[in-house]
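The next block holds one structure in the form of structure tokens; read it before the comments.
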Amino acid sequence: MSTSQTPARLRVAPSPTGDPHVGTAYMALFNLAYARKTGGQFVLRIEDTDRNRYIEGSEKQIFELLRWLGLPWDEGPDVGGPYAPYRQSERLETYKPFVDKLIADGHAYYCWCSQERLAKLREEQQASKQSKTGYDRLCYGMSREEREKLPGFTPTPVVRMLVPEDIELTFTDLIRGEISAPMPDDQVILKADGFPTYHMAVVVDDHLMGITHVVRGEEWISSTPKHLQLYKWLGLTPPQFAHMPLLRNTDHSKISKRKNPAARLAWFREQGYLPEALRNFLQLLGYPPADDDHEISSFDDFVENFDWAKVSTVGPVFDLKKLDWMNGFYIRSLEPAQLAERIIEHLQWTGQWPTPADPQKAKLLTDAVPIIQERLVTLNDALPKLGFLFTADDQIVIEDDARKTLPENWKEVVSAAIDALDGLESFSAEAIQGILREKLVEGMGIKPKFAFGPVRVGITGQRVTPPLFESMELLGKASSLERLRRFVNE
RNA sequence: GGCCCCGUAGUGUAGAGGCCUAGCACGCGGCCCUCUCAAGGCUGUAACGGCGGUUCGAAUCCGCUCGGGGCUACCA
């Protein structure tokens, strides 16, 4: 039970730099869970301080996919909120006084070093295998005039923080407990283009927006001392930190779009995964199931028992096989009518079907859902499994691997089936099965497998199909007989 | 190179000194069911990286070692 806790404010802060990343959804899920558990708020903030990597339309994708996944935010660029704007590019004036104060207090200084000089410096440090790397403080204590006389000068300065020797490198993490981080160098906090870097913006915004818990990826552990130092200089109370494990590729490297199609959040939707299945799956990465032999769990259950201490410190590898199983499970647990709707929506979203859908096709699909429901892994599997239903009788092609399964006497079998079916009044699956068993299996002494096999091939052209008798019922008597006749006379 | 984080079956995890001849889920194998394929039922397979300590006793604590990962940008 959620005891009386102080409402927490958490945020997810993706950058609009391309296709939304699956890691964004992973972070959002855990942030949201804790916000809900404490009765607090979940904020979406867009961190678009990098003008070079900014990609038009990426932000919209973030909104769309996070909503699709069922992770709604209480405050954000598109829904507003008391701390608007929620887009860092619209907050440039907000950061200025904080930077000015740091400079005035002697905690930050201007740096006119050119990118070239810095690159060269870095190169030399790497090559010399020195233990100490980072900016060499050439500009520290200099005026513009003084610096200008030296090489590697660039007219527009950046602002760097003056990291003290005794900076606190240890902090408490909600997931890992006491941890320490590397000694930082004099990090740039304000870029030449007037935009703050992440380090400056995140501290100012998290403070101004009343964020109480910062939940982010493990890759930020090494930056946390810088952030803590900024809070200290500015006289602000820092939030609590929880560093989530990093999602991994199969080779255990940090998950990347290049090595892993699943790194793109949109990929899951395109493949036809159900958002509730993906959410459940993500929840299980680095987090134990609530019930030891039952990994299916609702978001509410997740929230109910949520505890940072349960989050694993080991970066989990994506196992799509498990997601497949889970997606199938969620598909099977839907009402057939609901599933039909989801399939149609998906076909429309992927552009395979028009909007509005052809009523006849929609009806046929809906009627057919019960026979494919337990055979689907993703929504994309539906149409291919039902191909024979949406194909005209004279367009059915007998596939090679289906033909190979045909016994010697297949024409005899199919002819007998035609005769049996022809006199059938009610063309129901039950009646079809009844008469075929009577005439072929019992009457001719043919094993069910070889009696129904040729009929299946004639009806669908395929070796593997949904249940035969139900398929024939859906197809109707006329079409079924037509197909069998064409088959036997080919 | 330096600093930091991490190390239970193929994958996700349970395990917080004896309840562990290490549990569960997915995967994979077998059997049953069966009109194919699924679904379902039963069943099998497979792990504490290594080495030293501490202890009556270690997957659990300590050290070293090996391995993986992250950071080391005017990217986040």
Side-chain angles (χ1 to χ4, degrees), chain A residues 13-15 17 47-50 52-53 111 113-115 118-119 122 125-135 154 156-160 169 173 176 179-185 187-193 195-199 201-202 216-223 243 245-246 248 250-254 281 284-289 291-296 312-326 328-329 332 371-377 385 402 405 433 436-437 441 447-453 455-457 460 462-469 471:
Chain A
S15 296
T17 52
E47 313 227 309
D48 54 353
T49 54
D50 186 347
N52 298 320
R53 294 206 306 157
C111 171
C113 286
S114 66
Q115 305 260 21
L118 295 173
R122 209 165 22 243
Q125 288 172 337
Q126 293 271 351
S128 69
K129 294 185 176 181
Q130 279 185 343
S131 59
K132 194 175 187 314
T133 56
Y135 183 59
T154 190
T156 317
V158 299
V159 177
R160 289 181 182 275
L169 296 175
D173 185 271
R176 294 153 199 268
I179 48 175
S180 35
M183 181 74 185
D185 74 335
Q187 180 68 50
V188 170
I189 54 175
L190 190 69
K191 299 187 262 189
D193 63 6
F195 278 66
T197 56
Y198 170 84
H199 308 287
V202 76
R216 66 210 330 186
E218 186 184 344
E219 74 262 39
W220 293 110
I221 290 178
S222 49
S223 297
H243 289 93
L246 249 28
R248 311 291 185 95
T250 320
D251 66 1
H252 290 98
S253 56
K254 178 175 165 180
F281 176 72
L284 252 20
L285 291 179
Y287 198 83
D291 184 345
D292 197 28
D293 48 62
H294 195 243
E295 300 198 326
I296 301 296
S312 166
T313 49
V314 187
V317 169
F318 248 76
D319 180 13
L320 263 2
K321 278 278 180 46
K322 186 151 194 169
L323 209 214
D324 282 345
W325 165 79
M326 195 165 270
F329 182 93
R332 271 171 256 132
I371 66 170
I372 55 166
Q373 182 158 19
E374 68 188 26
R375 283 160 243 275
L376 299 183
V377 172
K385 285 201 187 307
T405 65
Q433 167 151 224
L436 289 182
R437 277 191 190 281
V441 179
K447 285 187 175 173
K449 182 175 180 180
F450 296 106
F452 304 140
V455 178
R456 173 190 315 284
V457 174
T460 65
Q462 295 170 315
R463 185 175 57 85
V464 176
T465 75
L468 179 60
F469 314 117
S471 297

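Everything quoted here is computed from the prediction, not taken from an experiment.
Remark: the separation of the P atoms in C64(B) and G69(B) is 22 Å, to the nearest Å. As rounded to the nearest Å, G68(B) and C62(B) have P atoms that lie 23 Å from one another. As rounded to the nearest Å, C4(B) and A9(B) have P atoms that lie 26 Å from one another. Only the C1' atoms considered, A39(B) is 35 Å distant from U21(B), to the nearest whole Å. For the C1' atom pair drawn from C48(B) and U43(B), the interatomic distance equals 25 Å after rounding to whole Å. Nucleotides G49(B) and A14(B) have their P atoms positioned 15 Å apart, rounded to a whole Å. G41(B) and A47(B) are spaced 27 Å apart, taking the C1' atom of each and rounding to whole Å. Look at the C1' atom in both C37(B) and U13(B): the space between them is 31 Å, to the nearest Å.
Atom CZ of Arg375(A) is separated from atom C1' of C35(B) by 11 Å (rounded to the nearest Å). His294(A) has its NE2 atom 12 Å from the C1' atom of C24(B), to the nearest Å. Rounding to whole angstrom units, NZ of residue Lys449(A) and P of C35(B) are separated by 11 Å. Atom CG of Asp324(A) and atom P of A25(B) are 19 Å apart (whole Å). One interatomic measurement links the two molecules: CG of Leu284(A) to P of U11(B), which rounds to 16 Å at whole-angstrom precision. Note: CD1 (Ile296(A)) to P (G12(B)) measures 18 Å, nearest angstrom. Distance CG (Leu169(A)) to C1' (U72(B)): 14 Å, rounded to an integer number of Å. Atom CG of Leu118(A) is separated from atom C1' of U72(B) by 14 Å (rounded to the nearest Å).
Contacts of Glu47(A) with the nucleic acid, taken as non-hydrogen atoms under 4.0 Å apart, involve only primed sugar atoms and P, OP1 or OP2. Among the heavy atoms of the strands, none lies under 4.0 Å from Phe195(A). When heavy atoms are screened at a 4.0 angstrom cut-off, Val158(A) is found touching base atoms of the nucleic acid. Note on Thr465(A): a base of the nucleic acid sits closer than 4.0 angstrom, heavy atoms only. Using a 4.0 Å heavy-atom distance criterion, Pro14(A) is classed as making no nucleic acid contact. The residue Leu246(A) sits close only to the backbone: its heavy atoms come under 4.0 Å of sugar-phosphate atoms, none of a base. Pro245(A) comes within 4.0 angstrom of no nucleic acid atom, judged by non-hydrogen atoms across all strands. As judged by a 4.0 angstrom heavy-atom cut-off over every strand, Thr17(A) is placed among residues making no nucleic acid contact.
For U36(B), there is no paired base (Watson-Crick or G-U wobble, both distances below 3.5 Å). Nucleotide G52(B) is matched to C62(B) when pairs are restricted to Watson-Crick or G-U wobble geometry with both distances under 3.5 angstrom. Using the Watson-Crick or G-U wobble rule with both distances under 3.5 Å, U11(B) pairs with A25(B). Base pairing analysis places C20(B) opposite nothing; no Watson-Crick or G-U wobble pair with both distances below 3.5 Å involves it. Remark: C42(B) base-pairs with G30(B); criterion is Watson-Crick or G-U wobble with both hydrogen-bond distances under 3.5 Å. Within the shown strands, G2(B) is the pairing partner of C71(B) under the Watson-Crick or G-U definition, both distances less than 3.5 Å.
Closest-nucleotide positions on RNA chain B for Val464(A) and Leu285(A) were compared, and the one nearer the 5' end corresponds to Leu285(A). Residue order along RNA chain B, read from the 5' end via each residue's closest nucleotide, puts Leu376(A) first among His252(A) and Leu376(A).
In this structure, Arg160(A) is positioned above the aromatic face of Tyr135(A), its NZ or CZ under 6.0 Å from the six-membered ring centre and within 45° of the axis.
Within the 4.5 Å cutoff, no side-chain heavy atoms of Val314(A) are placed close to those of Pro245(A). Using a 4.5 Å cut-off on side-chain heavy atoms (C-beta onward), Thr154(A) and Gln115(A) make no contact.
By the neighbour-count criterion of 12 heavy atoms within 6.0 Å, atom CZ of Phe450(A) is sparsely surrounded, having that number or fewer from other residues, nucleotides or ligands.
Side-chain nitrogen and oxygen atoms of Arg248(A) include none within less than 4.0 Å of the OP1 or OP2 phosphate oxygen of G70(B). Of the side-chain N and O atoms in Ser180(A), one or more sit less than 4.0 angstrom from OP1 or OP2 of C5(B).
Among all heavy-atom pairs drawn from Val457(A) and Ala402(A), the shortest one is CG2-O, 3.9 Å.
At a cut-off of 3.5 angstrom, counting only N and O atoms as typed in the model, there is no donor on one side facing an acceptor on the other between the side-chain of Gln125(A) and the base of G1(B).
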Output, in order, the C-alpha distance, side-chain angles, deciding distance and verdict of ring pair (Phe, Tyr, Trp, His ring centres under 6.0 Å) for Phe281(A) and Trp325(A).
CA-CA 10 Å; Phe281(A) 176 72; Trp325(A) 165 79; over 10 Å; no
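Ring geometry for Trp220(A) versus His199(A): interplanar angle over 60°, hence perpendicular rather than tilted (30 to 60°).
Taking Pro448(A) as the reference, Arg437(A), Val441(A), Phe452(A) meet the side chain to side chain contact (heavy atoms under 4.5 Å, CB included) condition, with sequence neighbours excluded.
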